[in-house]
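Heads up: the structure comes next, in structure tokens.
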Amino acid sequence: MIDFRYHVVSIIAVFLALSVGLVLGASFLKEAAVSGLDQSVQDLARNNEGLRREVDRANAGQRYLNGIMGTVGPELTKGRLAGHKAVVVALPGADTKLADSTVKLLDGASATVTGQVSVKGQWTDPKRENELVAALGTNALTFPTGSATERAAKVLAGAITEKTPPIQSGTPGGSTTPPASGAPATGAPASGAPATGTPGSGASAGAGGTTSAPPAGGANTGQQPGTGTTTPGTHNTQAATEALTRLKEAGFIDVKDNPAVGADMVVVIAPSGATSGDDPGRTNNAYLALARALDGGGNGTVMAGTASAAQENGAIWALRRNDQTAKAVSTVDTADTPVGQVAVVWSLVVEDKQGISGQYGTTGTTDGPLPELPKKETP
């Protein structure tokens with residue numbers, strides 16, 4: 001019979017064999033394992049270096065292209081918007097530098113830039129809907145249905161665009177409905193608000209960007225003398241100033257220069273990156289409602305921004321996915337580049353001449369980098 005000591009010796013022998021095997025295996029396999037790892041690291045390093053060279057070449061090509069377009073771009077846009085008035089509307093979170101450069105772009109294309117309107121984040125705050133409607137004054141009665149932002153969009157569009165504006169000033173007989181607390185009773189803007197009148201070329205219309213106001217009921221006001229009412233199909237500068245003043249004093253917009261004189265072309269600057277907040281879908285819908293309203297008051301509207309605005313939940317991304325808005329408003333997701341700046345101007349030309357909108361840029365599904373100009377407009 002096999003006694004207990006035999007079992008003990010057998011178990012010890014097994015463990016000893018395992019130990020010897022591990023030691024021998026590590027000794028013989030170590031060099032092969034290390035060699036394999038070294039080869040993998042070297043392969044990854046070579047691949048990484050190859051990718052880095054490709055990125056460098058791509059960046060160099062992009063700089064080369066931007067250099068060319070930076071030189072010829074002004075010639076491609078020069079005079080394209082002559083005879084038009086344009087306004088720049090910056091949505092919450094938009095790049096202020098992009099908004100300012102867009103003003104210079106439009107001015108270089110020979111458009112008369114009436115001014116800038118910066119929409120604040122409070123515009124889409126659901127807790128301030130009642131305040132937003134109250135800030136519309138009597139114009140809220142013109143649009144009794146729809147969300148607060150939809151109604152406000154139509155009033156703002158009527159104030160800064162000149163094509164069949166929906167806003168009104170006062171009541172028959174020349175009296176005016178009192179504005180919000182602290183606002184002027186006669187429709188004159190408060191301190192810091194835009195003055196009435198027609199500015200000069202571009203965004204700079206003399207000191208402070210404003211000019212003297214025309215006589216009430218006179219030319220360019222769209223107001224019947226002594227009545228305070230609006231003539232259909234004309235722009236009422238006094239009413240526009242009142243509407244902008246109310247929205248400004250209520251904290252929903254900021255105004256620069258004199259957009260109250262009205263424009264027939266609009267560039268909307270999209271927020272950079274994805275729309276934030278608890279309900280980005282609701283916020284983007286408010287932005288799209290404003291874009292549609294602005295387009296309805298002029299001859300062309302373009303939403304311009306960076307590639308980040310065309311990514312998921314960005315304002316341009318949302319617009320391109322909304323058929324109703326995409327059929328009316330063009331988009332450019334490269335507005336921070338020389339090519340994109342040309343696309344902004346050419347998009348306005350195509351909308352004005354052909355009534356066709358398009359989506360241009362590099363992110364997602366687009367119609368290419370630039371729109372195709374009408375033959376008589378081709379450089």
Side-chain angles (χ1 to χ4, degrees), residues 87-102 116-133 135 146-157 160 247-248 250-256 266-296 301-337 340 343-344 347 357-367:
V87 62
V88 176
V89 178
L91 297 177
D95 187 342
T96 56
K97 292 182 179 179
L98 180 57
D100 292 339
S101 66
T102 301
Q116 298 182 55
V117 175
S118 297
V119 179
K120 295 186 175 182
Q122 291 88 327
W123 185 276
T124 59
D125 186 350
K127 297 180 181 179
R128 299 195 61 179
E129 287 185 345
N130 292 336
E131 294 179 53
L132 180 58
V133 173
S147 68
T149 51
E150 289 173 339
R151 298 164 70 185
K154 294 176 181 178
V155 174
L156 179 58
I160 64 178
L247 288 168
K248 179 178 182 294
F252 292 102
I253 64 172
D254 276 329
V255 178
K256 184 178 181 181
V266 185
V267 177
V268 180
I269 307 299
S272 299
T275 301
S276 58
D278 296 332
D279 191 349
R282 177 186 179 279
T283 301
N284 278 332
N285 285 337
Y287 295 159
L288 301 192
L290 178 57
R292 290 193 300 270
L294 292 168
D295 183 75
T301 299
V302 176
M303 181 178 287
T306 63
S308 63
Q311 295 174 355
E312 186 173 1
N313 282 332
I316 291 179
W317 174 85
L319 191 155
R320 290 173 175 174
R321 293 166 62 89
N322 185 289
D323 290 340
Q324 178 186 7
T325 313
K327 290 178 180 178
V329 180
S330 297
T331 62
V332 176
D333 64 35
T334 53
D336 56 333
T337 69
V344 169
S347 295
S357 64
Q359 319 307 320
Y360 309 103
T362 60
T363 306
T365 302
T366 69
D367 297 319

Looking only at non-hydrogen atoms, find the nearest pair between [X] and [Y] and report the distance.
{"X": "Ala135", "Y": "Ala250", "answer": "CB-CB, 3.8 Å"}
{"X": "Ser276", "Y": "Thr283", "answer": "O-OG1, 4.5 Å"}
{"X": "Ala315", "Y": "Ala270", "answer": "CB-CB, 4.2 Å"}
{"X": "Asn284", "Y": "Gly314", "answer": "ND2-O, 3.9 Å"}
{"X": "Ala293", "Y": "Ala157", "answer": "O-CB, 3.4 Å"}
{"X": "Val332", "Y": "Gly340", "answer": "CG1-O, 3.6 Å"}

task = Kindly indicate, with the supporting measurements, whether the criterion side chain to side chain contact (heavy atoms under 4.5 Å, CB included) is fulfilled by Leu294 and Val87.
result = CA-CA 10 Å; Leu294 292 168; Val87 62; 5.8 Å; no
Below 4.5 Å, heavy atoms only, C-beta onward: do [X] and [Y] meet side chain to side chain?
{"X": "Val268", "Y": "Leu290", "value": "no"}
{"X": "Leu247", "Y": "Leu132", "value": "yes"}
{"X": "Thr149", "Y": "Asn285", "value": "no"}
{"X": "Pro92", "Y": "Val119", "value": "yes"}
{"X": "Asn322", "Y": "Arg292", "value": "yes"}
{"X": "Thr102", "Y": "Leu98", "value": "yes"}
{"X": "Phe252", "Y": "Leu156", "value": "no"}
{"X": "Leu288", "Y": "Gln324", "value": "no"}

Are the side chain of [X] and the backbone of [Y] linked by a donor-acceptor contact shorter than 3.5 Å?
{"X": "Gln359", "Y": "Ala326", "value": "yes"}
{"X": "Thr331", "Y": "Met303", "value": "no"}
{"X": "Thr366", "Y": "Gly361", "value": "yes"}
{"X": "Asp333", "Y": "Thr363", "value": "yes"}
{"X": "Asn313", "Y": "Thr275", "value": "no"}

note = The reported gap from CD1 in Ile316 to OG in Ser330 (rounded to nearest 0.5 angstrom) is 11.0 Å
query = Going from CG on Asp367 to OG on Ser347, what distance comes out if it is rounded to the nearest 0.5 angstrom?
reply =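 Asp367 atom CG to Ser347 atom OG measures 9.5 Å (nearest 0.5 Å).
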request  = Could you pull out all residues at least two apart from Thr334 that satisfy side-chain hydrogen bond (donor to acceptor under 3.5 Å, both in side chains)?
outcome  = none
Within residues 120-130 or reaching into it, pairs that qualify as salt bridge (Lys or Arg N to Asp or Glu O under 4.0 Å) - sequence neighbours excluded =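 The answer is Lys120-Asp254, Arg128-Glu131, Glu129-Arg282.
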request  = Evaluate side chain to side chain contact (heavy atoms under 4.5 Å, CB included) for Thr365 paired with Arg320, printing each intermediate quantity in order.
outcome  = CA-CA 9 Å; Thr365 302; Arg320 290 173 175 174; over 6 Å; no
message = Working note: Trp123 + Leu91, criterion side chain to side chain contact (heavy atoms under 4.5 Å, CB included); need CA distance, chi angles, decisive distance, verdict.
response = CA-CA 10 Å; Trp123 185 276; Leu91 297 177; over 6 Å; no
